[in-house]
Undergrad: 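After the structure tokens below, expect a handful of questions from me.
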Amino acid sequence: MRQSKLFMPTLKEAPADAVAESHKLMLRGGYVRQVTAGVYAYLPLGYRVLSKAEQIMREEMAKINVPEMSMPDLLPATLWEESGRWQKYGPEMFKLKDRHGRQSLLGPTHEETFTDIVAKDLKSYKQMPIALFQIQSKFRDENRPRFGLLRSREFIMLDAYSFAATKEQLDQQFEDEKKAFTAAYHRCGLKVTPVIADSGTMGGKNSTEFQAPAAIGEDTIATNETGTYSANLEMACSIDTFKQEEEELKQVEEVATPGQETISDLVDFLKVPATRIVKSILYIANENEKVLVLIRGDKQVNEIKLKHLLDVDSLRVATDAELTDITGVTKGSVGPINADWADQVVADNTVNNLYNFVVGANKKGFQFINVNLGRDFNPDKFADVRVANEGEPDPVDHLPLKFTTSIEVGHIFKLGTYYTKTMGANFLDKNGKAQPVIMGSYGIGVTRVLSAVIEQHLTKNGVAWPKEIAPFDLHIVQMKMKDEGQTNLAQKLEEKYSANYDVLYDDRNERAGVKFADADLLGAPVRVTVGKKANEEVVEVKRPTDEKATEMTLSELDEFINKELG
RNA sequence: CGGGAAAUAGCUCAGCUUGGUAGAGCGCUACGUUCGGGACGUAGAGGUCGCAGGUUCGAAUCCUGUUUUCCCGACCA
């Protein structure tokens with residue numbers, strides 16, 4: 001490809017709107033342009049990278065015998081009413097009406113469509129296990145699109161769906177997909193950690209996220225140094241290292257703590273450590289159930305864990321008005337004693353084994369001190385509902401947890417029979433008995449992969465593309481277009497290497513500085529500069545991470561390219 | 001959805017407080033000089049100042065409304 005013909009509008013300065021380094025680079029390098037908030041056009045360079053990443057993913061799917069197909073973007077609401085997600089999915093769905101007034105939507109994911117079109121056609125256990133995938137645009141009306149391709153409203157996703165007759169088959173399919181995904185990320189040059197994850201609105205209990213550590217990530221993952229434990233912070237568990245010495249039980253006392261609302265207020269006011277105070281927070285589950293959650297003062301409640309524990313669709317902290325309405329007191333005075341208004345009292349495990357601690361007295365501006373479990377109150381259940389802290393031992397090997405921000409580049413789910421049951425996709429098992437098909441779903445955010453790869457491969461002046469997804473393998477940069485010797489050599493190299501590689505030949509009549517700057521920005525794995533020594537058939541070769549270029553003869557170049565690009 | 005900021009040339013921004021015919025740098029075009037790390041000079045092209053109302057003799061500037069974009073958070077994957 002001749003660079004003079006490639007629409008590659010590079011910028012010296014990044015638009016002020018861009019914050020993430022990957023976003024800036026994609027705009028500066030001429031990979032993408034924004035059309036509207038969270039919607040991007042892929043220019044030739046961006047499209048090439050995208051296509052290469054998709055090709056890798058196609059190959060990895062083929063290796064596990066999963067064929068490609070394509071579902072429509074435009075879907076009828078009726079399908080989603082069948083699964084119950086027309087309501088449940090919420091405002092994130094792009095909904096629209098056609099001219100006949102029929103409700104439609106732009107697909108944010110395709111569990112329903114695959115259940116309808118594929119699962120319902122699987123009539124016998126003999127047809128399974130089987131899986132299919134597609135790569136297409138997905139639409140999610142994100143509340144707040146940001147960071148370029150990292151959180152956009154229209155994005156490209158690879159989504160695979162598996163159909164099994166038995167749990168064992170599903171487990172095997174899940175492992176196959178996990179392997180294929182891992183291989184695809186690896187080939188894209190992306191460092192990825194699989195972590196324990198929350199399955200959100202997708203349903204199912206067992207899900208794994210693929211997280212790519214990066215400076216700009218929206219997620220935090222907790223891992224130990226050996227990698228034997230890794231979880232999204234939303235799901236991470238850790239061992240509580242605090243231990244209170246056993247004490248003689250003292251008499252409960254009510255003390256006035258006027259105006260003290262927070263734990264740190266009470267620490268100062270009562271002169272006790274936060275570990276001797278139990279925080280009480282009122283949650284509203286499914287908009288009707290009042291759940292009082294207790295946790296030791298130095299810890300925080302993990303709402304995702306709580307949501308799983310309670311097995312509810314919605315969960316939120318009660319508003320100040322609701323709190324007063326329900327308990328009669330304000331923040332800071334709520335507690336578990338005489339809390340008849342609570343439908344359920346859940347205590348985090350950190351509350352166990354405390355002695356003579358402080359809780360709200362359910363009387364405005366008062367606390368009880370010297371409170372003890374069993375004697376003064378009993379929670380309905382104990383559970384782990386706290387946010388893990390960095391440095392605490394992991395639950396597997398008891399090694400300290402390290403937190404890393406990262407980008408979610410994929411998520412795989414063991415869906416089970418939720419969709420097939422609600423939508424009625426049954427098959428006959430060996431005994432001739434009707435059973436719902438057991439499904440799994442597997443997604444890679446293809447456009448996120450691009451952002452993540454860039455985030456992980458930034459250089460001083462651009463990016464160092466991993467060779468398998470670089471927009472071009474070889475960048476031939478001719479210094480002087482008017483020099484016939486240089487032109488001859490550059491064209492000779494272009495022709496020779498185009499047979500096996502993607503070659504970009506910078507044939508623009510630009511100054512050397514401009515060409516070098518653009519070449520750094522582009523970051524092809526191998527750059528060949530054709531300059532002064534063209535007539536001696538000597539070129540300069542540089543990889544994006546090399547400090548300096550190296551002079552090479554043509555045969556040395558040949559060897560180098562074979563070694564670098566394979 | 002709560003909070004904050006912004007919208008003036010392709011990009012980065014000034015001008016607005018104190019109303020008076022639209023500015024700079026980079027980029028673009030032409031010519032000349034230069035020619036291996038985003039050159040220099042000269043001459044140009046390019047903007048209904050987001051949109052709609054209002055105040056005024058006169059609005060980029062003041063007022064009202066509206067749209068869009070970005071950031072922090074909540075939500076979500």
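Residue numbering restarts at 1 for every chain, and letters A, B, ... go by the order of the sequence lines.
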Undergrad: Say you pick atom C1' in A77(B) and the same atom in G3(B); how far apart are they, in whole Å?
TA: 24 Å

Undergrad: Taking atom C1' in both G44(B) and A60(B), what distance in whole Å separates the two?
TA: 25 Å

Undergrad: Considering every strand and a 4.0 Å limit on heavy-atom distances, what is the contact class for A18(A): base, sugar-phosphate, or nothing?
TA: nothing

Undergrad: So, is T36(A) near the phosphate of U69(B), with a side-chain N or O under 4.0 Å from OP1 or OP2?
TA: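 Yes.
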
Undergrad: Rounded to whole angstrom, note down the P distance from U48(B) over to U61(B).
TA: 16 Å

Undergrad: Taking the side chain of E408(A) as heavy atoms from C-beta outward, which of A77(B), C11(B), G37(B) is closest to it?
TA: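 Closest nucleotide among those given: A77(B).
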
Undergrad: Would you mind telling me which of C13(B), C70(B), G36(B) lies closest to the side-chain atoms of A16(A)?
TA: C13(B)

Undergrad: Does the structure show a Watson-Crick or G-U wobble partner for U66(B), both distances under 3.5 Å? Name it, or say none.
TA: G50(B)

Undergrad: Would you call E547(A)-K542(A) a salt bridge at under 4.0 Å N-O?
TA: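 No, no charged N to carboxylate O under 4.0 Å.
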
Undergrad: Describe the nucleic acid contact of E234(A) in one word from base, sugar-phosphate, nothing, applying a heavy-atom distance below 4.0 Å.
TA: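 Base, at least one base atom sits under 4.0 Å.
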
Undergrad: How many Å lie between CD on Q34(A) and C1' on G10(B), as a whole number?
TA: 16 Å

Undergrad: To the nearest Å, how far apart are L25(A) CG and C11(B) P?
TA: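 From L25(A) CG to C11(B) P: 18 Å.
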
Undergrad: Could you let me know what G2(B) is paired to, Watson-Crick or G-U wobble, both distances under 3.5 Å, or none if it's on its own?
TA: C72(B)

Undergrad: Could you state the atom-to-atom distance from CG of D506(A) to P of G38(B) in whole Å?
TA: 16 Å

Undergrad: Would you kindly compare K515(A) and P15(A) by the position of their nearest RNA chain B nucleotide and give the one closer to the 5′ end?
TA: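 Its nearest nucleotide being more 5', the pick is P15(A).
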
Undergrad: Please give, in whole Å, the distance from C1(B) C1' to R316(A) CZ?
TA: 13 Å

Undergrad: Tell me whether the NZ or CZ atom of R140(A) lies within the 45° cone about the ring axis of F155(A) and under 6.0 Å from its centre.
TA: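 Not flagged: R140(A) not positioned over aromatic ring of F155(A).
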
Undergrad: For the pair made of CD1 in I407(A) and C1' in A77(B), what is the distance, rounded to whole Å?
TA: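 My rounded result for the distance is 14 Å.
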
Undergrad: Which nucleotide wins on minimum distance to the side chain of R28(A), given the candidates G38(B), G37(B), C76(B)?
TA: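 So the side chain of R28(A) is nearest to G38(B).
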
Undergrad: Just how far, in rounded Å, is P of C76(B) from CG of L233(A)?
TA: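 Going from L233(A) (CG) to C76(B) (P), I get 15 Å.
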
Undergrad: For the side chain of E13(A), starting at C-beta, report the closest nucleotide among G25(B), A77(B), C75(B).
TA: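 Of the options given, the side chain of E13(A) lies nearest G25(B).
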
Undergrad: When the distance from CG of D520(A) to P of G36(B) is rounded to whole Å, what number comes out?
TA: 17 Å

Undergrad: What's the gap between G65(B) and G19(B) when it is taken at their P atoms, as a whole Å value?
TA: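 Pairwise P distance, G65(B) against G19(B), rounds to 22 Å.
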
Undergrad: So, are D507(A) and K5(A) salt-bridged, with charged N and O less than 4.0 Å apart?
TA: no

Undergrad: Have a look at K532(A) and say if it touches a base, only the backbone sugar-phosphate, or nothing, with a 4.0 Å heavy-atom cut-off.
TA: base

Undergrad: Taking NZ, NE, NH1 and NH2 as the nitrogens, is one of them in K307(A) or E303(A) under 4.0 Å from a carboxylate oxygen of the other?
TA: no

Undergrad: Between atom CD in E142(A) and atom P in C1(B), what is the gap in whole Å?
TA: 15 Å

Undergrad: With rounding to the nearest 0.5 angstrom, report the CD to CG distance, Q136(A) to D73(A).
TA: 5.0 Å

Undergrad: Say you pick atom P in G10(B) and the same atom in G50(B); how far apart are they, in whole Å?
TA: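 Comparing P positions in G10(B) and G50(B) gives a spacing of 13 Å.
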
Undergrad: How are the rings of Y442(A) and F181(A) set relative to one another: parallel (under 30°), tilted (30 to 60°) or perpendicular (over 60°)?
TA: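 The rings of Y442(A) and F181(A) stand perpendicular, inter-plane angle above 60°.
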
Undergrad: Quiz question: going by heavy-atom distance under 3.5 Å, is there a donor-acceptor pair between the base of A6(B) and the side chain of D17(A)?
TA: no

Undergrad: Nearest to the R511(A) side chain among G36(B), U34(B), C76(B), which nucleotide is it?
TA: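 My answer, after comparing the listed nucleotides, is U34(B).
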
Undergrad: Can you tell which of A77(B), G36(B), G27(B) lies closest to the side chain of H411(A)?
TA: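 That would be A77(B).
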
Undergrad: With rounding to whole Å, what would you report as the distance between C1(B) and G15(B) at their C1' atoms?
TA: 36 Å

Undergrad: Using a 4.0 Å heavy-atom cut-off across all strands, classify A512(A) as base, sugar-phosphate, or nothing.
TA: sugar-phosphate

Undergrad: What's the closest nucleotide to the side chain of R448(A) if the choices are G38(B), C71(B), A77(B)?
TA: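 The answer is A77(B).
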
Undergrad: Just compare G73(B), G38(B), U69(B) and give me whichever is closest to any side-chain atom of V514(A).
TA: G38(B)

Undergrad: Check the angle between the aromatic planes of H110(A) and F114(A) and answer parallel, tilted or perpendicular using the 30° and 60° thresholds.
TA: perpendicular

Undergrad: Please determine whether any donor N or O and acceptor N or O are separated by less than 3.5 Å between the side chain of R144(A) and the base of C76(B).
TA: no

Undergrad: Is there a Watson-Crick or G-U wobble partner for G38(B) with both distances under 3.5 Å, and which nucleotide is it?
TA: none

Undergrad: Salt bridge check, R2(A) against E494(A): does any charged N sit closer than 4.0 Å to a carboxylate O?
TA: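 Yes, charged N to carboxylate O under 4.0 Å.
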
Undergrad: For atom C1', what is the distance between A59(B) and U21(B), given to the nearest Å?
TA: 12 Å

Undergrad: Under a 3.5 Å cut-off for both distances, is A9(B) Watson-Crick or wobble paired, and to whom?
TA: none

Undergrad: Go through G36(B), A77(B), G38(B) for me and flag the one nearest to the T529(A) side chain.
TA: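 Within the option list, the nearest is G36(B).
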
Undergrad: Which residue lies toward the 5' end of RNA chain B, E218(A) or K482(A), if each is placed at its nearest nucleotide?
TA: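 The residue mapped nearer the 5' terminus is K482(A).
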
Undergrad: Check every atom of C75(B), C35(B), C71(B) against the side chain of N143(A) and return the nucleotide holding the closest atom.
TA: C75(B)

Undergrad: If I pick the P atom on G20(B) and the same atom on C49(B), what distance separates them, to the nearest angstrom?
TA: 15 Å

Undergrad: For G44(B), what is the paired nucleotide under Watson-Crick or G-U wobble rules, both distances under 3.5 Å?
TA: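 When the pairing criteria are applied, C28(B) turns out to be the nucleotide that pairs with G44(B).
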
Undergrad: Under 4.0 Å, heavy atoms only, any strand: does R527(A) hit a base, just the sugar-phosphate, or nothing?
TA: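 The answer is base, as R527(A) lies within the cut-off (heavy atoms under 4.0 Å) of a base atom.
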
